Amino acid sequence: MTADKAILKQYGTKHVSADEAVACVKSGDWIEFGFFANLPLTLDVALAKRIRDQRLFDIKLRGGVLMQRLQSLESDNAIWYSYHFGGLERALAKEGKAYHIPIKYSEVPVYLRENLTTNVVMIQTTPMDEEGYFNFGVTFSHFKAAIEKADTVIVEINTNLPKVHGGFDHAVHIDDVHYIVEGGNNPIFELPSASPSETDLKIASYVMPEINDGACLQLGIGGLPNALGKLIAKSELKDLSVHSEMLADAFVDLVEAGKITGKYKELDNGKIVFTFAAGSQKLYDFMHDNPMLAAYPVDYVNNVLVTSKINHFISINGALEIDLTGQVCSESMGYKQFTGAGGQLDFVEGAYLSEGGKTFICLPATFKNKSGVLHSRINPMLTPGAVVTTPRNAVQYVVTEYGCINLKGLSTRERAEKLASIAHPDFRDGLKKAAEKMGL
Ligand SMILES: CC(=O)SCCNC(=O)CCNC(=O)[C@H](O)C(C)(C)COP(=O)(O)OP(=O)(O)OC[C@H]1O[C@@H](n2cnc3c(N)ncnc32)[C@H](O)[C@@H]1OP(=O)(O)O
Ligand SMILES: CCCC(=O)O
């Protein structure tokens with residue numbers, strides 16, 4: 001490291017062991033604790049020990065999409081608060097150890113700046129650069145906002161994190177860090193990318209004709225976006241651009257296939273813009289020192305005032321259930337929180353406001369329950385307790401393996417007819433009868 005003397009001196013003072021760093025944590029604290037593929041695992045071990053040895057109580061860890069069961073959460077005195085449930089959080093919630101924080105993802109930085117208490121921030125970063133900056137690596141999201149408001153900031157260095165080019169707020173300066181811990185350098189968590197199913201490919205085939213050369217893509221989370229990425233990579237489309245909350249393997253495939261130039265993008269021309277990444281090691285290698293990328297905080301990436309300025313914005317997101325008037329549930333099964341709203345509404349609204357933009361909610365027409373019984377995902381009403389992730393008045397295109405419809409401007413009667421027409425054939429008559437009965 002060839003940083004100047006003052007920076008190196010600061011590094012020397014702030015560089016401590018994990019046990020020394022977590023000694024700042026006291027009972028009742030709120031700790032912002034990484035997010036998704038960024039989890040400070042060395043600090044977790046030290047924090048678990050401190051909670052146990054010092055008999056701390058009422059410790060609240062905040063994060064999302066937990067990728068590993070944390071040692072700190074083994075204590076009855078620590079609880080996980082999640083912006084976005086993954087499988088581990090669903091399991092923790094069943095044990096009474098996790099609660100969901102409903103969010104509109106673009107707003108998380110403002111919640112942190114104006115609404116939430118943050119005593120300590122614990123995140124992983126790359127090693128410090130010559131100017132004294134620690135890069136956030138794979139999650140940018142809301143970290144800068146959390147750091148601004150926290151009493152104590154602890155960074156755990158992970159040499160395996162990619163160093164990513166950013167727009168702004170993609171790194172923290174040593175001046176704003178209280179403790180630096182050299183961690184165990186765990187490999188970055190990988191997300192298995194399942195091969196797309198026949199149904200996913202069929203749904204994607206209805207979206208494909210709606211995408212033109214020069215369009216800007218946002219691909220959401222789940223099986224379908226991945227399928228679409230694969231179809232685009234094999235298509236004749238060209239000069240596409242990317243402005244997507246999540247950077248996933250699908251985008252690497254698109255770059256390798258020569259589909260992404262970003263040359264018609266009105267903002268961040270030529271750049272792939274994103275706020276967090278999750279995928280395979282191939283993705284993380286692609287990200288390292290790649291000048292094609294620009295990482296930004298989520299209040300820029302997901303902001304409708306930004307996305308709406310990018311023409312031909314195509315937003316593609318998944319859903320669990322939709323009712324006959326078009327209300328979309330993408331985050332719960334009845335009242336049970338399955339995942340989170342994430343940036344779905346942000347992108348549905350932004351893409352619709354974009355000149356030539358289009359927004360797609362894509363879902364298989366059915367799912368099978370644990371006993372193998374087939375259920376429609378298009379239902380007269382949402383399952384009681386289901387959360388409306390995207391309200392019906394914001395929904396534009398809805399796509400299943402039976403077709404693609406546009407709901408904008410349609411009456412409730414027309415919506416019911418159109419939605420029944422893209423349901424699984426076995427459920428269409430039942431849906432039409434239910435619509436009549438409900439006076440739709
Ligand atoms: C990341 C971005 O760029 S941003 C913005 C996007 N963010 C969002 O849209 C947030 C919310 N959306 C999501 O999290 C996802 O898109 C989802 C959950 C809606 C879909 O994800 P997928 O992985 O494609 O889910 P999938 O359709 O396979 O369903 C998941 C499970 O729920 C079950 N399921 C599906 N629908 C229902 C339903 N209505 N009721 C009960 N169970 C259901 C499925 O059978 C499946 O079960 P299995 O895992 O045992 O097979
Ligand atoms: C972590 C948030 C992911 C999403 O928007 O779905």
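We use all heavy atoms of the structure for the numbers below, so side chains are in, but hydrogens, waters and symmetry mates are not. For ligands, and for the atoms within them, numbers begin at 1 and follow the listed sequence. The structure displayed is predicted, hence computed values, not measured ones.
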Phe36 to ligand 2: N or O pair under 3.5 Å? no
Kindly give the heavy-atom pair with the smallest separation between Ala233 and Asp253, and that separation in Å. CB-O, 4.4 Å
Would you mind checking which non-hydrogen protein atom is closest to atom 30 (C) of ligand 1, with the distance to 0.1 Å? Phe338 CZ, 3.9 Å
4.0 Å heavy-atom contact, Glu331 with ligand 1: no
May I ask you to establish whether Lys408 and Tyr352 are in a cation-pi arrangement, using a distance under 6.0 Å from NZ or CZ to the six-membered ring centre and at most 45° from the ring axis? yes
Compute both the distance and the angle, then confirm whether Arg90 meets the cation-pi test with Phe338: under 6.0 Å from the six-membered ring centre, within 45 degrees of the axis. yes
Looking at atom 51 (O) of ligand 1, tell me if a protein heavy atom falls under 4.0 Å from it. no
Can you confirm whether something in the protein, heavy atoms only, sits under 4.0 Å from atom 20 (C) of ligand 1? no
Among all protein heavy atoms in this structure, tell me which lies nearest to atom 17 (C) of ligand 1, with the distance rounded to 0.1 Å. Ser330 O, 4.3 Å
Quick check on Gly334 - does any of its heavy atoms sit under 4.0 Å from an atom of ligand 1? no
Could you tell me whether atom 46 (C) of ligand 1 has a protein heavy atom closer than 4.0 Å? no
Which is it for Ala319 and ligand 1 at heavy atoms under 4.0 Å: side chain, backbone, both or neither? backbone
Any donor-acceptor N or O pair under 3.5 Å, side chains Glu266, Asn311: yes
With only distance considered, is Glu321 within less than 3.5 Å of ligand 1 through an N or O on each side? no
Count the heavy atoms of every other residue, nucleotide or ligand shown that sit under 6.0 Å from NZ of Lys271, and state whether that count exceeds 12. yes
Contacting atoms of ligand 1, where contact means under 4.0 angstrom from a heavy atom of Gly340: 10 (C), 11 (C)
For the pair Glu417 and Lys432, find out whether any cationic side-chain nitrogen is under 4.0 Å from an anionic carboxylate oxygen. no
Return the closest protein heavy atom for atom 1 (C) of ligand 1 as residue, atom name and distance. Glu245 OE2, 3.4 Å
In this structure, is the centre-to-centre distance between the rings of Tyr83 and His142 below 6.0 Å? yes
Can the ring centres of Phe274 and Phe140 be said to be less than 6.0 Å apart? yes
Quick test of your reading of the structure: of Phe36, Tyr105, Phe367, whose heavy atom lies closest to atom 41 (C) of ligand 1? Phe367
The atoms of ligand 2 lying under 4.0 Å from a heavy atom of Gly342, numbered in the order shown, are 4 (C), 5 (O), 6 (O)
Just one of Phe276, Phe168, Phe143 clears the ring pair (Phe, Tyr, Trp, His ring centres under 6.0 Å) bar with Phe136, so which one? Phe143
I need the nearest protein heavy-atom contact for atom 24 (O) of ligand 1: residue, atom name and distance, please. Gly223 N, 3.1 Å
Is it the case that the side chains of His165 and Asp289 hold a donor-acceptor pair, with the cut-off being a distance below 3.5 Å and no angle test? yes
Just verifying a value: how many Å separate Leu41 CG and Asn185 CG, rounded to the nearest 0.5 Å? 11.0 Å
Residue, atom name and distance, where the atom is the protein heavy atom closest to atom 1 (C) of ligand 2: Phe35 CZ, 3.5 Å
Please report the closest heavy-atom contact between Leu112 and Glu32, naming both atoms and the distance. CD2-OE1, 3.5 Å
Which bit of Leu320 is near ligand 1, meaning a heavy atom under 4.0 Å away: side chain, backbone, both or neither? both
Identity and distance of the protein heavy atom lying nearest atom 23 (O) of ligand 1: Gly222 CA, 3.6 Å
Can you confirm whether Glu355 is buried at CD, in the sense that more than 12 heavy atoms of other residues, nucleotides or ligands lie under 6.0 Å from that atom? no
Return yes if some donor-acceptor pair links the side-chain N/O of Tyr284 with the main-chain N/O of Phe189 below 3.5 Å, else return no. yes
Top protein contact for atom 28 (O) of ligand 1, by heavy-atom distance: Arg377 NH2, 4.5 Å
Between Ser82 and Arg62, is there a side-chain donor-acceptor contact under 3.5 Å, judged purely by atom types and distance? no
At what distance is the nearest protein heavy atom to atom 6 (O) of ligand 2, and which residue and atom is it? His84 CE1, 3.2 Å
Taking both backbone and side-chain atoms of His84, is any N or O found less than 3.5 Å from an N or O belonging to ligand 1? no
Please state whether Asn379 comes within less than 4.0 angstrom of ligand 1, counting heavy atoms only. no
Going by the side-chain hydrogen bond (donor to acceptor under 3.5 Å, both in side chains) test, name the single residue among Glu331, Gln344, Gln327 that passes it with Thr389. Glu331
Any nitrogen or oxygen of Leu219, main chain or side chain, under 3.5 Å from a nitrogen or oxygen of ligand 1? yes
Is there a polar contact between ligand 1 and Leu224, counting only N or O atoms under 3.5 Å apart? no
Students should be able to answer this: which protein heavy-atom is nearest to atom 6 (C) of ligand 1, and at what distance? Asn317 OD1, 3.0 Å
Give a yes/no verdict on whether any heavy atom in Gly64 is under 4.0 Å from an atom of ligand 2. no
Quick look: Met333 vs ligand 1, heavy-atom contacts under 4.0 Å, and the answer is side chain
Tyr402 ring centre to Arg428 NZ or CZ under 6.0 Å, with the angle to the axis within 45°? yes
Nearest atoms (heavy-atom pairs only) where Ser244 meets Leu217: CB-O, 3.9 Å
Which option out of Thr339, Thr389, Thr390 puts a heavy atom nearest to atom 18 (C) of ligand 1? Thr339
Around atom 13 (C) of ligand 1, find the nearest protein heavy atom and jot down its residue, atom name and distance. Ile221 CG2, 3.5 Å
Atoms of ligand 1 under 4.0 Å from any heavy atom of Gln218, numbered from 1 in the order shown, are 2 (C), 3 (O), 4 (S), 5 (C)
Residue part near ligand 1, for Met246, under 4.0 Å between non-hydrogen atoms: both
Which residue holds the protein heavy atom closest to atom 5 (O) of ligand 2, what is that atom called, and what is the gap in Å? Glu245 OE2, 2.4 Å
